[in-house]
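Just so you know, these numbers use all the heavy atoms, side chains as well, and skip hydrogens, waters and symmetry mates. Chain naming here is simple, since letters A, B, ... match the order of the sequence lines and numbering starts at 1 in each.
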2 protein chains.
Amino acid sequence: MKKHERHKLLKQLLVENTVYRQEDLVNLMAQRGIEVTQATISRDIKQLQLIKVPLNDGSYRYTLPSEKEVDTTMKLKKTLQDAFVDADIHNEMCVLKVQPGNGPTVSSLIEQVDYPEIFACISDDDTVMIFNRSTQGAVKIQDKLETMASEN
Amino acid sequence: MKKHERHKLLKQLLVENTVYRQEDLVNLMAQRGIEVTQATISRDIKQLQLIKVPLNDGSYRYTLPSEKEVDTTMKLKKTLQDAFVDADIHNEMCVLKVQPGNGPTVSSLIEQVDYPEIFACISDDDTVMIFNRSTQGAVKIQDKLETMASEN
DNA sequence: TATGAATAGGAATTCAAA
DNA sequence: TTTGAATTCCTATTCATA
C-alpha cells in the first residue's frame, strides 16, 4: 500500500473511530490487513498535521484539523502570494499593505482563521490594520504573514 | 501563585512565544519567577485543552484552541441543554429533534463547530438532519450531541 | 524516498506529601 | 486539591536497509 493511500485510510479511521493513541491506529490498520509500525504512524500524523486534543472527559484523542480551517488558511496564503506588498509593525499593531482591492478579502480571511494573537482586524482597499494582544504577538503575526506570502 | 493565575499566564505565554515543548513553558515560567515542573504543565495543558500542532516546517508547537471554536461549542452545548428533545440515527444520517424554533440555530452552530464526521446539515423549525460521512460517524455524532445536551 | 527496529526524547501518570 | 519527583507511557527520531 502506498503512503498516499494509507494517509487517506488514516483520515477515514480517525473519523470512524475513537483514537486515543498512535497504537490504536496501528491496530486499526492491522485489522484491515495493513501492517505498519508506530514509527510510520507518527510520521503520517506529522505530515497530515493531525492533532492530539485533550477532551473534557479527561482523555486524549487524535483528530483531523477542521477542513474549514485548512481551507481558509490555504485561501489566505494564496491571496497573500498574489497581493502581499509589505508588512510592518509598531507596538502591538501590524500594518499589512496589499495590492489595491485586496484589503477586505485578506482582512476577512485573517479573521476567519482566528489567530489567538489577534485582537481585531480592520481594512480599507489596500491596507489591513491588525491589532494584536501583545507586541510579541505582533511580531509573530508579521512573520507569519510574510512567510505565507513568500514561501513556495 | 494560584493555579488559575498560572493558567492565565500560560495562555499569555503561548500567544507571545513559540512553544515547542512543555519544558519551554517551564523555562518561560521560571524566567518570571514561577517555579513549576513539567508534570504541572502537562496537567495545565490537559485542563486548558491546549494542543500540540505539527507545522508545515516540520516542527511541533503548542497552541491555544481558537476562541471562536470554544465559544461556538459552548453555545451549542447551552442551546442543546435547553432545546434538545431526541436524537436518532439511520445509516449515516442523524435526526435531531429540538424544541420548536431552535432547528436553524442548532444547525448553524453545528456547522460552525465543523465536526469532521459531518458531511452536511440542514434544518427546519424543530428538526436538524445531519448527514455524516459514515455510519460510525453518525454514531459518534449522536453520542456527542446527547452528551452535550445532558451533561452538567 | 519510505519504512521498521531500536532508542531517545517528551508527555502523562502514579505515588507521596502538603 | 494541588504539586513535585520519579516513573511509565507514548511519540518522534535515528540509523540501517530496501
Side-chain angles (χ1 to χ4, degrees), chain A residues 1-66 70 116 151-152, chain B residues 1-66 70 116 151-152:
Chain A
M1 175 179 240
K2 294 231 174 53
K3 187 168 76 163
H4 181 255
E5 292 176 73
R6 193 181 60 239
H7 281 188
K8 258 185 74 178
L9 176 56
L10 215 52
K11 288 192 207 173
Q12 193 190 321
L13 290 174
L14 267 191
V15 172
E16 296 177 356
N17 302 85
T18 300
V19 175
Y20 299 93
R21 302 187 283 296
Q22 301 188 354
E23 274 301 315
D24 294 339
L25 288 169
V26 173
N27 296 333
L28 287 165
M29 299 282 266
Q31 284 171 26
R32 267 144 261 244
I34 321 290
E35 297 291 333
V36 278
T37 61
Q38 176 266 326
T40 300
I41 297 292
S42 172
R43 294 183 188 108
D44 288 343
I45 284 172
K46 185 171 192 170
Q47 284 156 21
L48 294 171
Q49 297 182 242
L50 306 180
I51 53 186
K52 187 184 179 185
V53 185
L55 299 187
N56 298 321
D57 69 3
S59 66
Y60 296 84
R61 309 275 163 87
Y62 278 95
T63 73
L64 300 173
S66 91
V70 174
E151 83 186 345
N152 115 48
Chain B
M1 174 180 240
K2 293 231 175 55
K3 187 168 77 162
H4 181 254
E5 291 177 74
R6 194 180 59 238
H7 281 189
K8 257 186 76 179
L9 176 57
L10 216 51
K11 287 193 209 173
Q12 193 190 323
L13 290 174
L14 267 191
V15 172
E16 296 179 357
N17 300 88
T18 300
V19 175
Y20 299 93
R21 302 187 282 297
Q22 301 188 354
E23 274 301 316
D24 294 339
L25 289 169
V26 173
N27 297 331
L28 287 166
M29 299 283 267
Q31 283 171 28
R32 267 143 260 247
I34 320 292
E35 297 291 332
V36 278
T37 60
Q38 176 267 327
T40 300
I41 296 292
S42 171
R43 294 184 189 108
D44 288 345
I45 284 173
K46 184 170 191 167
Q47 283 156 21
L48 294 170
Q49 296 183 243
L50 307 179
I51 53 186
K52 187 185 178 186
V53 186
L55 299 186
N56 298 321
D57 70 3
S59 67
Y60 297 83
R61 309 275 165 88
Y62 278 95
T63 73
L64 299 172
S66 91
V70 175
E151 82 187 345
N152 112 50

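In this structure, A/N27 CG and A/L13 CG are separated by 11.0 Å, a value rounded to the nearest 0.5 Å.
When atom types are taken as modelled, the side chain of A/K52 and the backbone of B/K52 share no donor-acceptor pair closer than 3.5 angstrom. A/Q49 places a side-chain N or O within 3.5 Å of a backbone atom of B/P54 that can act as its donor or acceptor partner.
Look at NE2 on B/H4: it is 13 Å from P on D/dT3, rounded to the nearest Å. Look at NZ on B/K3: it is 6 Å from P on D/dT3, rounded to the nearest Å. Per the geometry, CD1 belonging to A/I45 stands 18 Å off P belonging to C/dG10, to the nearest Å. Rounded to an integer number of Å, the gap from A/Q47 CD to C/dA2 P is 7 Å. At whole-Å resolution of the value, CD in B/E5 and P in D/dT1 are 20 Å apart. Nucleotide D/dT3 holds its P atom 8 Å from the NE2 atom of B/H7, rounded to whole Å. In this structure, B/E23 atom CD and D/dT11 atom C1' are separated by 16 Å, rounded to whole Å. Rounded to an integer number of Å, the gap from CD of A/Q38 to C1' of C/dT7 is 11 Å.
Summary of the strand contacts: A/R21 and A/T40 both lie near DNA chain D, and taking for each the nucleotide with the nearest heavy atom, the more 5' one is attributed to A/R21. With the nearest nucleotide of DNA chain D identified for both A/K52 and A/R43, A/K52 has the one nearer the 5' end.
For B/Q22 and C/dA12, the shortest distance from a side-chain N or O to OP1 or OP2 is below 4.0 Å. A close approach under 4.0 Å does not occur between any side-chain nitrogen or oxygen of A/K2 and OP1 or OP2 of C/dT1. Distances shown here put every side-chain N or O of A/S42 at or beyond 4.0 Å from the OP1 or OP2 atom of D/dT11. Within the 4.0 Å cut-off from OP1 or OP2 of D/dC10, not a single side-chain nitrogen or oxygen of A/Y20 is found.
Contact check for B/L9 versus B/M1: side-chain heavy atoms found under the 4.5 Å cut-off.
Comparing atom distances between the A/R6 side chain and each of D/dA12, D/dT3, C/dT3 picks out C/dT3 as nearest. The side chain of B/A39 lies closest to D/dA5 when the candidates are D/dT13, D/dA5, D/dT11.
B/E35 comes within contact range of the sugar-phosphate backbone alone, with a heavy-atom separation under 4.0 Å but no base atom that close.
Between A/Y62 and the options A/V19, A/T18, A/L10, a side-chain contact (heavy atoms from CB on, under 4.5 Å) holds for only A/V19.
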